[in-house]
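Note sheet for the following structure.
Numbers here simply count residues along the sequence, with the first being 1.
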Amino acid sequence: MDQPQQATRRPGTQAPAGERVADWADGRLGIYGLAKANMRKIFPDHWSFMLGEISLYTFIVIILTGVYLTLFFHPSMNEVVYDGSYVPLQGIKMSDAFNSTMRISFDVRGGLLIRQIHHWAAIVFIAAMLVHMMRVFFTGAFRKPREINYVFGWLLLFSGMFDGFLGYSLPDDLLSGTGVRFMEGAVLSVPIVGTYLSMFLFGDQFPGHEFVARFYSVHVLLLPGIMLGLLAAHLILVFYHKHTQFPGPGRTNKNVVGMPLLPVYIAKAGGFFFLVFGVLSVLAALATVNPIWAYGPYRPDQVTTDAQPDWYMGYSEGLIRIMPGWEINLWGHTLVLGVLIPLLVFPVVLGFIGFYPFLESWVTGDNREHHLLDRPRNKPVRTGIGAAWISLYLILLIAGGNDLFATHFHLSINAVTWMVRIGFFVVPVVVFIVAKRMALGLQRRDRDKVLHGRETGTIKRLAHGEFMEVHEPLDQGALFTHTQHEQHEPLDIRPAVDDKGVERKIGRIAKLRAKLSRGYYGEGSQIPKPTAEEYEEITSGHGHH
């Protein structure tokens, strides 16, 4: 086969314009060297890694559609009379914000579709980030050196939730106005500074004439800017630390097995982006979300029935709905505990998940780098904690819709509220125990597979009449996957008396750390994996029965 000839340029001839521009840019930016070093970077392939990509692609869709909507939206509370295409609202007084949103929905070409895509993308964005964070949590991808990157992702989730809340508050419709009123009540419950915070947000007594413009600035400038910075830092650290991978043959903490970024991964990522965009477009075209024309403009003397926020803020409302209406008077001030306590619990629920990597690192004392992921079954306590947190989130979502559950299932709203109150304390504990026991059961199953092989379904009858099932030994790859994980030993407290008989003082923090360590890795929290000696004994026939 003939070798391809390298293209040469005659001396004195000028390079093409495109090549000259590329050389000029490379000489100043170092693009070629940067691309050469990173375009062949290896990324592992697993379906769960796409959850982070969905978050990224929906965020891009949010930015693109949001830019389009800003061309037509008027963030103003000036009162106008509607004279647009939607006949039932003609002649009704409303804010300019609501009027422009109606114009986007009915008079701007493609406006309603873009608005629906924007809203659906925000819903899917938060969902994808939450599920992605749970994948990282359950597999231990947050361990050193990725704790800071995990925190960046957690801050993205937190920022996205508030940006979404501000976004669906901008149209100034009756539903979003009810949600803003809910937030104003929560802010006012803050002791001493509550009224000042409310004035800062709204510029006047609620609803005032400033809050839409202020929410708009935060929604399109401040929070997106913060999220773009967090996203850039998140992706840079993913490149720098290299991607985690699930354990398997040939995979270690010092390599990455997968596909190169260019051209394979880039091609797949591009196709996946358009797939996500297409699904969002189909959702927007077929399933209406936030039909403001059905709610009408906001009026402080009215409230919508069945008023529910977007799902990701539902748990915050659930906290207030299940909280008794307690109040106390201190030094001449009334503390509305029925709102203040949920307001304090709200960040604690999310903050626990954000702080967890540092808690586990402190309990285990493990400061090594980890690039191989854990199988959730091999970390029963962590798996139980994650499952309990998800159950708490779901319980609070149910609490946020207690009126809907009562009306749709013909129940007493008081009965639903009390069930949720009890479930708030009981369900996470039960889920923790069940998830931990399931993980331990799967560990026992893995241990049995390693020692005895997998069931084949083939039954043989021995000469003396006994029936037995034939087990097929696992291959080396499966054996590695089932036994590669490390099992930590609980931390021991130093002896209370040293070798000279002098009593040592053991602090409460050290005792707490040792107790937590025993809870994580002590007896009953992990099944000892089979040793090489046990495997040899079984496979040699001495242990067969």
- Task: Establish, from distance only, whether the side-chain atoms of H371 and R146 form a donor-acceptor pair under 3.5 Å.
- Result: yes

- Item | Nearest-0.5 Å distance, CZ of residue F432 to OG of residue S391 | 11.5 Å

- Note on the structure: Taken to the nearest 0.5 Å, the spacing of L156 CG from I226 CD1 works out to 10.5 Å

- Query: Of the non-hydrogen atoms in V61 and A121, which two are nearest, and what is the gap between them?
  - Reply: CG1-CB, 4.0 Å

- Sidechain N-carboxylate O distance under 4.0 Å for E360, K379: no

- Message: In terms of relative ring orientation, are H243 and F49 parallel, tilted or perpendicular, with 30° and 60° separating the classes?
- Response: tilted

- Task: Quick one: closest heavy-atom pair of S525 and P380, and the distance?
- Result: O-CG, 3.3 Å

- Considering all heavy atoms, the nearest L350-W389 contact: CD2-CZ2, 4.0 Å

- Only residue of R375, K529, R454 satisfying salt bridge (Lys or Arg N to Asp or Glu O under 4.0 Å) with D446 is R375

- Message: Are there over 12 heavy-atom neighbours, none belonging to M419, within less than 6.0 Å of that residue's CE?
- Response: no

- Quick one: sort the H219 and H118 rings into parallel, tilted or perpendicular, breaks at 30° and 60°. perpendicular

- Apply ring pair (Phe, Tyr, Trp, His ring centres under 6.0 Å) to Y57 and F125, showing your working. CA-CA 8 Å; Y57 301 150; F125 174 59; over 10 Å; no

- Anything under 30° is parallel, anything over 60° is perpendicular, the rest tilted; go ahead and classify F142 against Y356. perpendicular

- What are the two closest heavy atoms between L230 and F152, and how far apart are they? CD2-CD2, 3.8 Å

- Query: About how many Å separate CD1 of I60 and OG of S55, when rounded to the nearest 0.5 Å?
  - Reply: 11.0 Å

- Query: Can you name the closest pair of heavy atoms from M259 and K268 and give their distance?
  - Reply: CE-NZ, 3.6 Å

- At what distance, to the nearest 0.5 angstrom, does CZ of F272 lie from CD of E53? 6.0 Å

- Task: Classify the ring geometry between F277 and F273 as parallel (under 30°), tilted (30 to 60°) or perpendicular (over 60°).
- Result: perpendicular

- Message: As an exercise, state the distance from CZ of R447 to OG1 of T483, rounded to the nearest 0.5 Å.
- Response: 12.0 Å

- Would you tell me whether D374 and H370 have side-chain atoms, one donor and one acceptor, within less than 3.5 Å of each other? no

- Message: For a quick test of reading the model, state the closest non-hydrogen atom pair linking S281 to I117 and the distance between them.
- Response: OG-CD1, 3.7 Å

- In this structure, CD1 of I126 is separated from CE of M313 (nearest 0.5 Å) by 9.5 Å

- Message: Check whether H471 reaches the backbone of H452 with its side chain - one donor and one acceptor, N or O, closer than 3.5 Å.
- Response: yes

- Message: Angle between ring planes, Y168 versus F165, binned at 30° and 60°: parallel, tilted or perpendicular?
- Response: perpendicular

- Message: How about CZ on R437, more than 12 heavy atoms from neighbouring residues, nucleotides or ligands closer than 6.0 Å, or not?
- Response: no

- Message: With a sphere of 6.0 Å drawn around CH2 of W362, does it hold more than 12 non-hydrogen atoms of other residues, nucleotides or ligands?
- Response: yes

- Query: Would you call R321 and D403 a salt bridge, taking side-chain N to carboxylate O under 4.0 Å as the test?
  - Reply: yes

- Under 6.0 Å from the CZ atom of R508, do we count more than 12 heavy atoms belonging to anything else shown? no

